[in-house]
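Just below is one structure, and these are the notes that go with it.
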Amino acid sequence: MGKIVYTILLILVSFWAEAQKKRFSVPLSPRTSNYDIKVSLDTEKKSITGSQKVTFTNPSSDTIWTMPFHMYYNAFKNNLSLFNTGYSRIPRTISEDEIKKGIWGWINVDKIKDENGNELSFSFVQPDIDNKDDHTVLEVQLKEPILPYGNYILDMDWRSQIPKAKARTGYNRDFFFMVQWYPKLGVYEPAGSRFAKEGQWNCHQYHPVTEYFGEYGVYQVEIDLPVEYKTGASGFLLDESINGDRKKLTYLAEDVIDFAWTANPGFIEIVENWKGVDIKLLIMPEHVCNKDRFLKSAFSTLDFYEEYIEKYPYPSLTIVSPPFHGLFSGAMEYPMLITSPTLCDLPSGIKTTETLTIHELTHQYFMQMVGNNEQEEAWMDEGFTSFFEAKILDKYYPEGVVNFDYLDMKVNSKELRRGRFMSTNNPKINPLSDFSYTFKHGSSGDINYGKAAVGLMTLEGLVGEAVMKDIMQTYFARWKFKHPCRNDFEDVVLEVVTEKLGEEKAIVIQDFLQQLIYGTETCNYAVEYISNSLIGDPLGYFDDLDECKYPTDNKKETYQAKTVLFRLGEFTLPIEVKIIFDNGDEIIENWDGKARSHEFVYTGKRKIASVEIDPELKNPLDNNLIDNSYVIEQKETGIVRYFTSFMTWMEGIMVSATALI
Amino acid sequence: MIIKSLKKGFSQLWQYKKIWVLLYSLTFVVAAFIAYPLKTYLENKIGTSLMIKDMIKGFDYTLYTDFMNHYGDGIAPIMNYSLLLIILFMLLFIFLMGGILSTFKNAPEKYNGKSFWSNAAHFFWRIFRMTIYFLFIHGAVLGLFFFIYLKITKGLSPMNLESEGIIFVAMKIMVPIYILFSSFFFMWHDYAKIHLVQNDNKWIFQSIIPSLKFIIKNIKNTWGLYLLNVLILMLLFIVNHFISNSFEITTGLSIFISFFISQLFLISRLGLKLVNLSSANHLFQENN
Ligand SMILES: [Zn+2]
């Protein structure tokens, strides 16, 4: 008996010791907002009861009298919330069945007390859009203020009805995906930080098109749920106890901006280790076939960042691959927890699983460690992640992200990102500098992801890969565990470019960033034509009217070889032009790209054979790469291949169609 | 019986190879007429770009997107024109069908152009009308399968399905069943045409109904023969798949070889089509 007790004790102690090792000995972040949360999940009623102690440290010299909390679940409380109506105030479609059964999601705070036991009053406020039916921000009136740089503690009791399969969160059947699920404190921005002219809370309502913003802190979360549920969460498991058919799990996540968790009895748990980081894959049995695709892409991403920026600092990473009926979770990023749906029956040539894993994992760096405001400047994480996603995929998956034997189709990620952006119907819809929650008419994806990513690719083309890496490293080092805005990124870019490439280049880059971030124009340069004209001998009368010059037989073969370039877009940037002559000579010319047209002229025996703008494809923002080059003598085999293929398809279609006769 | 009919099919194919040549030439010419405007359009719009050389490597996504974004407006008219030509081709094929089936029926010593064309004209409207009727039947069969598929997969909705497995499993099970099931209707269509030409019926229902009775009465032979023909066609597809994937296209010569192989494949498909009709015709004659 004594032996058993001893063994159990030993296991417990070693578990405790193991868990303690995962704590950071030195905090990574300022730990401004810390949460100690206890929740109980009712899997039958799909509801939660919770209590939380929030410890806030005033980061400013201001005296603060209010505290706003995000109440995201209230976006699903009625059909007139901002989330459900957008700006039009016309409710979006909600399933008849749910309306009839009264299935809505909400969160309700029952009681708030301060450290001295004062009960505090609170009410819903609408800081962005005046819509009283929107209850997604709760403002607490404090009885005693938060003093400059002082600490303040709140205790809150709350309950929530989990929404059924709504945007990114909720439940379906017995899959629970718990994100934006607790009252989350806004971010206090001291004067001078980001766009704040004076100290202010930044706590937007839940807008339909944007994601989130949170303050750094430590989350200790105790979850009480039925014993058969498999779980995953931000952070690592600190403690676990079983009591009958329920269990209590305590997770600890340090230096993060949010906390997410998931529970589902059907999950299979696959645990691997990457250089001391526990990688946990929660996956459905029917998706296990793709487990290596998740793990390989996750490992590659972590390897990439270790080399490119710095090693992933957290002790754990959970990858959740939701069941098919849990697709509402989408592909999303939360601190130390990402989701990436997969399907085993998709052809292996389509790299969706890898793309999503790499993209969401990249968010650990951009939006989690470098905490931009996703509601205001989504491009500062989505654009960055899309930029890196392409870089990582093209490095580790050179076979392309869409790859079919048929017609030797092979599309790499960078190409795909550019092509998708260039194919948008309105690339000028709004500038990156507009606040993201105001993006309308589907522009969010095109601009925040597409334009920003292709813009960053072009920036890399202009400064070179090495300087781009310097920029990213400097930006990360300076802004990790802080909240930068676009000005801060621009400052870093200009500082690094000035240092590495000189002031003249910095002026060019400043002009480029100005157009990219604040403008809506598109870019297109074209080679209009090449002409090689023979310069004739002088003919006719010159100084002496008695002497007429006639054509002679010994002609000099001198040409005026000329090419004319057009600027067809409004976005300007310097371009390189490669000119190849008929004798094989090759030269690179430079044009500042400002005028509407430009020419290069050469006199001599050489004729121009071909002209190519931006031969190294440094400027993927150019929306038509076909007109970037001009060749005098075309080899038509390419067109012939398309012609014969097209003809063969048509024959095939025709013969197949005769089956109907 | 089945093998005998099949043999007859192959021998008649060879005996009347002129029909075979005619069908292929028609397909080739119409396809060339369809594809040529595309070639001219590509040459005019992007013929001077250096990106043309990437086209030899196969599908180029960047070229495709930039082309569609900047010159794509010209593609829709070309496609509409292609559709028009395909419809014209179908009408011509309907026209030829009467000639083909009459030739198999009458089995002259050699291909007889005069009687071929006069029979083609003679049966045109009736085969045309029959094609329309059977279009509805084939459409109804496909619609039925699609409906059942949506029922089984609960409208493909993630909210209602436990997992996506059923979507693919149902597909994998239903596609072969559909092929088997619908093949019956395609076969019926074949025998209806044969019946029509054999009896020179005035009303097409005088052929549609009796041909169904004939098939059912001789179901083992009729369907057996039809499935055998389908099987040979599938084998042809598999062989073509392996051959066409076995070499890379990098030069003008390889484009030519690949095109040549694709034409051989097409000729074989047309040949098997004739074999199918001739063998069914033989089976019909032997059992009547
Ligand atoms: Zn993202």
Side-chain angles (χ1 to χ4, degrees), chain A residues 95 165 172-173 284 286 323-328 343-345 402 404-412 415-416 418-420 422-423 527 610 612 623-632 634-644 646-648 650-655 657-661, chain B residues 27-28 30-32 34-35 38-39 42-43 46-59 61-70 82 86 89-90 93-94 97 127 131 134-135 138 158-165 168 186 245 248-249 251-252 255 258-259 262 266 269-270 273:
Chain A
S95 113
N172 190 20
R173 295 166 189 252
M284 300 302 291
E286 63 268 26
F324 189 67
H325 62 261
L327 281 182
F328 63 86
L343 295 176
C344 280
D345 294 277
V402 179
F404 288 111
D405 276 349
Y406 191 67
L407 257 182
D408 307 316
M409 186 186 284
K410 183 194 140 193
V411 185
N412 70 34
E415 223 188 332
L416 189 64
R418 177 191 170 275
R420 280 166 60 193
M422 292 309 168
S423 304
V527 184
S610 71
E612 192 176 0
N623 65 24
N624 185 358
L625 299 178
I626 296 173
D627 65 14
N628 275 22
S629 56
Y630 198 106
V631 59
I632 296 281
Q634 184 61 269
K635 283 202 186 98
E636 285 227 343
T637 34
I639 289 186
V640 171
R641 180 171 184 191
Y642 272 42
F643 171 68
T644 53
F646 185 62
M647 192 172 150
T648 311
M650 284 299 148
E651 287 176 325
I653 289 171
M654 282 153 61
V655 172
T658 60
L660 296 171
I661 292 170
Chain B
T27 315
F28 184 89
V30 175
I34 291 176
L38 183 77
K39 181 170 180 279
L42 288 175
E43 282 166 352
I46 64 172
T48 56
S49 175
L50 282 168
M51 277 180 95
I52 298 289
K53 69 180 188 300
D54 295 337
M55 292 169 82
I56 185 77
K57 289 183 234 141
F59 178 81
Y61 177 73
T62 300
L63 179 69
Y64 169 76
T65 46
D66 287 9
F67 179 80
M68 291 311 282
N69 291 340
H70 295 274
S82 308
I86 290 175
F89 170 82
M90 299 276 281
F93 211 95
I94 291 173
M97 191 54 83
I127 293 182
T131 304
F134 271 94
L135 263 182
H138 296 319
M159 284 306 291
N160 299 329
L161 287 173
E162 175 68 31
S163 85
E164 75 280 10
F168 298 96
F186 283 99
N245 278 345
E248 281 196 10
I249 297 177
T251 61
I255 293 176
S258 151
F259 184 64
S262 72
L266 197 86
R269 279 180 72 185
L270 285 167
K273 195 165 177 67

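Throughout, protein chains are lettered first and strands after them, A, B, ... in sequence-line order, and every chain is numbered starting at 1. This is a predicted model, so every value here is computed, not measured.
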Under 4.5 Å from a heavy atom of chain B, the part of [X] involved:
X: A/Ile632; answer: neither
X: A/Asn624; answer: both
X: A/Leu660; answer: both

Do any N or O atoms from the side chain of B/Lys273 and from the backbone of A/Val655 form a donor-acceptor pair under 3.5 angstrom?
no
Mark yes or no for whether A/Gln634, through its side chain, and B/Gly47, through its backbone, hold a donor-acceptor pair below 3.5 Å.
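Looks like yes, one N/O pair under 3.5 Å.
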Measure the shortest side-chain to side-chain distance between A/Leu343 and B/Glu164 over non-hydrogen atoms and say whether it is less than 4.5 angstrom.
yes
Side chain, backbone, both or neither of [X] within contact of chain A (heavy atoms, under 4.5 Å):
X: B/Leu266; value: side chain
X: B/Tyr64; value: neither
X: B/Phe89; value: side chain
X: B/Met97; value: side chain
X: B/Leu38; value: side chain
X: B/Leu135; value: side chain

Rounded at 0.5 Å granularity, tell me how far CZ in A/Arg641 sits from OG in B/Ser258.
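Separation between the atoms: 7.0 Å.
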Pairwise distance CD1(B/Ile94) to CD1(A/Ile661) - rounded to 0.5 angstrom
4.5 Å
Residues two or more places apart in sequence or in another chain: which of them pass side-chain hydrogen bond (donor to acceptor under 3.5 Å, both in side chains) with B/Ser82?
none
Which heavy-atom pair separates A/Ile626 from B/Ser49 by the least distance, and what is that distance?
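Heavy atoms only, the tightest pair is O-OG, 2.7 Å.
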Which heavy-atom pair separates B/Met90 from A/Thr658 by the least distance, and what is that distance?
SD-N, 4.4 Å
Winner by heavy-atom pair count (cut-off under 4.5 Å) against chain A, out of B/Ile86, B/Asp66, B/Ile34, B/Asn160
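Of the candidates given, the most pairs with chain A belong to B/Asp66.
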